[in-house]
Structure formats: C-alpha cells, structure tokens
Amino acid sequence: MTAMAAEPTPPPSLRERKKAKTRAAIRKATYRIAADEGWDAATLERIAEAAEVSPSTVVRYFPVREDIVLTDENDALMEAALRARPAGEEPLESLRAVVLEAVRAAFAEEPEAARLRARLMVEIPSVRARLTETTAATGRRLARAVAERTGRAADDLEVRIFTAAALGALREAAVYWAERNRADDLPALLNRTVDTLRSGLTTPPGRP
C-alpha cells in the first residue's frame with residue numbers, strides 16, 4: 001500500500017499571528033527590563049508600558065509573571081518532534097534528541113534571552129520554583145507521545161515516572177550549568193545526564 005501524504009499544515013490565521021506578535025513583544029520587553037535593571041524592576045506595569053499593551057493584556061497572556069521568561073511555544077514542537085522520531089528508537093534516546101534540538105534552537109534564535117533565563121533561574125527563587133512546575137507540565141504533555149510510542153496508556157504510571165524522571169534530570173543539568181556561570185557546554189551536560197540515567201551512578205576512576 002502506498003502511504004498517504006501528510007496534509008500540509010495550514011498557515012496561521014491573522015488572529016494567531018497577532019497573538020504571537022503580542023506574546024513576543026511582552027517577552028522582549030521583559031527580557032530588556034530584567035537584563036538592564038533586574039527582575040524586581042520588571043513589574044507588570046513596566047512590562048505593559050514597554051510592550052505597548054495594557055497590564056490586563058500581559059496577565060491574559062501570562063497569568064504568572066515568571067512564565068514570561070520560562071514558557072514558550074516549544075512544548076508543542078517537542079511533542080510533535082517526539083512523535084516523529086524513528087519507530088523502535090528507545091524512549092530515552094528519543095527524549096535526548098528532542099530536548100537537545102530544542103536547546104540548540106533556543107540558543108540559535110535568542111542566545112541572550114536563553115542566557116538571561118538561565119541567570120534568573122539561579123538568582124530568583126520564584127523563577128526557579130516556577131521552573132519545577134512548568135517542567136512538570138511539559139512532562140505531562142510529552143508523556144502522551146511516549147505512551148503512544150510504547151503502546152501504553154497516557155496515564156500509565158511507568159510512563160509518567162519515566163518522563164518526569166528524565167525531564168527532571170535534564171532540568172537539574174540546566175540548573176547545574178547556570179550555577180557554574182554557564183561556562184560548560186550545555187548540550188554536553190545534557191548528554192552526560194542521559195548517559196547517567198542509562199548507566200546509573202558508578203564509582204569515579206581511581207576511587208576504591
């Protein structure tokens with residue numbers, strides 16, 4: 001049988017484009033204020049003024065202020081990328097591939113924003129706490145794709161444990177990178193993280 005060609009993705013509507021433009025303006029304004037004056041200066045009113053929107057618009061797009069620097073549209077892209085990985089690939093390798101691609105894309109598109117996000121993650125307790133919550137939300141979304149790829153139910157305990165553990169470990173690697181002044185190669189640390197999950201914790205060479 002000949003496989004049917006995938007339906008082309010329709011272009012975003014005018015409304016969707018306007019919403020994306022507004023979200024981008026709010027993020028850009030927040031990054032600029034936080035980078036120049038610090039996180040405390042990035043108040044709702046200052047962000048709204050800099051983005052040329054109303055404070056209520058900022059809240060409508062980002063009910064939690066920390067989400068402005070932590071959330072983006074990558075979750076949907078990562079979920080789609082995970083579903084598109086080769087059939088039969090181990091779930092951990094699939095997660096490694098999609099997370100690394102997302103990280104590389106973020107640094108290619110907005111390197112300064114990515115570094116600022118990492119700095120705030122270390123310096124601002126509320127940002128770091130919110131990161132844990134957003135990582136959990138990402139995990140629930142990616143767990144659906146993992147379940148489909150492994151033939152399990154979306155609410156399967158093992159699927160939830162596996163996905164949460166993998167993303168939690170990768171988040172901790174990002175925190176480690178940020179705490180060390182972002183001097184290490186982040187993709188290399190993420191690869192080490194996946195390798196550790198795969199092989200377990202071993203005794204360092206030369207130590208009894």
Side-chain angles (χ1 to χ4, degrees), residues 66-67 69-150 152 154-208:
E66 287 76 10
D67 283 352
V69 297
L70 289 177
T71 62
D72 48 35
E73 284 67 47
N74 277 345
D75 281 4
L77 297 175
M78 288 173 63
E79 184 180 5
L82 190 54
R83 286 194 167 92
R85 294 298 302 170
E89 184 177 61
E90 293 184 359
L92 190 56
E93 288 304 315
S94 297
L95 281 174
R96 183 206 301 258
V98 299
V99 170
L100 282 173
E101 180 57 32
V103 168
R104 291 185 177 116
F107 276 91
E109 294 168 8
E110 295 183 305
E112 293 306 316
R115 291 183 177 278
L116 174 63
R117 184 184 301 119
R119 180 165 64 81
L120 294 175
M121 187 171 62
V122 171
E123 296 177 357
I124 310 300
S126 63
V127 173
R128 187 158 178 172
R130 185 61 178 167
L131 174 66
T132 300
E133 298 178 28
T134 57
T135 301
T138 300
R140 288 191 294 272
R141 183 161 193 162
L142 295 186
R144 299 188 306 223
V146 172
E148 288 180 11
R149 291 176 59 83
T150 57
R152 293 175 176 265
D155 62 349
D156 187 273
L157 175 62
E158 284 76 12
V159 168
R160 292 176 61 173
I161 290 172
F162 167 80
T163 310
L167 290 184
L170 292 166
R171 180 198 65 224
E172 195 60 29
V175 172
Y176 174 88
W177 170 75
E179 288 175 343
R180 293 163 63 88
N181 296 319
R182 307 175 297 280
D184 298 306
D185 179 64
L186 180 55
L189 292 180
L190 297 177
N191 273 316
R192 279 177 58 189
T193 300
V194 174
D195 291 342
T196 299
L197 289 174
R198 178 177 296 285
S199 63
L201 197 61
T202 58
T203 302
R207 184 175 296 180

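Since this is a predicted model, take the numbers as computed values, not measurements.
To the nearest 0.5 Å, the span separating CZ on Arg83 from CG on Leu142 amounts to 9.0 Å. Note: Leu190 CG to Asp184 CG = 11.0 Å, rounded to the nearest 0.5 Å. Between Leu131 atom CG and Leu70 atom CG the span is 5.5 Å, to the nearest 0.5 Å. With values rounded to the nearest 0.5 angstrom, Arg171 atom CZ is found 9.0 Å from Leu167 atom CG. The CG atom of Leu95 sits 6.0 Å away from the OG1 atom of Thr163 when rounded to the nearest 0.5 Å. The structure places CE of Met121 at 8.0 Å from CD of Glu179, a figure rounded to the nearest 0.5 Å.
A distance-only check finds a donor-acceptor pair linking the side chain of Asp156 to the backbone of Glu158 [under 3.5 Å]. Looking only at distances, no side-chain donor or acceptor of Arg128 sits under 3.5 Å from a matching main-chain atom of Val175. Put simply, the side chain of Arg117 gets close to the backbone of Val69: a donor and an acceptor are under 3.5 Å apart. Remark: side-chain polar atoms of Arg149 are not paired, donor with acceptor, to backbone N or O of Ser94 under 3.5 angstrom.
Of all the heavy atoms in Ala106 and Ala114, the pair that sits closest is O-CB, 4.5 Å. Leu186 and Ala174 get closest at one heavy-atom pair: CD1-CA, 4.1 Å. Across Ala178 and Val122, no two heavy atoms sit closer than the pair CB-CG2, 3.2 Å. Of all non-hydrogen atoms in Leu92 and Ala166, the two that sit nearest each other are CD1-CB, 4.3 Å.
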Under 3.5 Å, sequence neighbours excluded: what are the donor-acceptor pairs made by side chains of residues 191-198?
unit_1 : atom_1 : unit_2 : atom_2 : d
Asn191 : OD1    : Arg96  : NH1    : 2.8
Asn191 : ND2    : Pro187 : O      : 3.3
Thr193 : OG1    : Leu189 : O      : 2.8
Asp195 : OD1    : Arg96  : NH1    : 3.4
Asp195 : OD1    : Arg96  : NH2    : 3.0
Thr196 : OG1    : Arg192 : O      : 2.9
Arg198 : NH1    : Glu90  : OE1    : 2.7
Arg198 : NH2    : Glu90  : OE1    : 2.9
Arg198 : NH2    : Glu93  : OE2    : 2.8

> Yes or no on salt bridge (Lys or Arg N to Asp or Glu O under 4.0 Å) for Glu133 and Arg130, after CA distance, side-chain angles and deciding distance?
Replying inline: CA-CA 5 Å; Glu133 298 178 28; Arg130 185 61 178 167; 2.5 Å; yes
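For the ring pair (Phe, Tyr, Trp, His ring centres under 6.0 Å) condition, no pair includes a residue of residues 183-203, sequence neighbours left out.
Thr135 is linked by a side chain to side chain donor-acceptor pair (under 3.5 Å) to nothing, counting only residues two or more places apart in sequence or in another chain.
At a threshold of 4.5 Å between non-hydrogen side-chain atoms, the residues Thr150 and Phe162 do not count as touching. With a 4.5 Å cut-off on side-chain heavy atoms, Arg119 and Arg182 count as touching.
Residue-environment remark: CZ (Arg160) stays at or below the threshold of 12 foreign heavy atoms within 6.0 Å.
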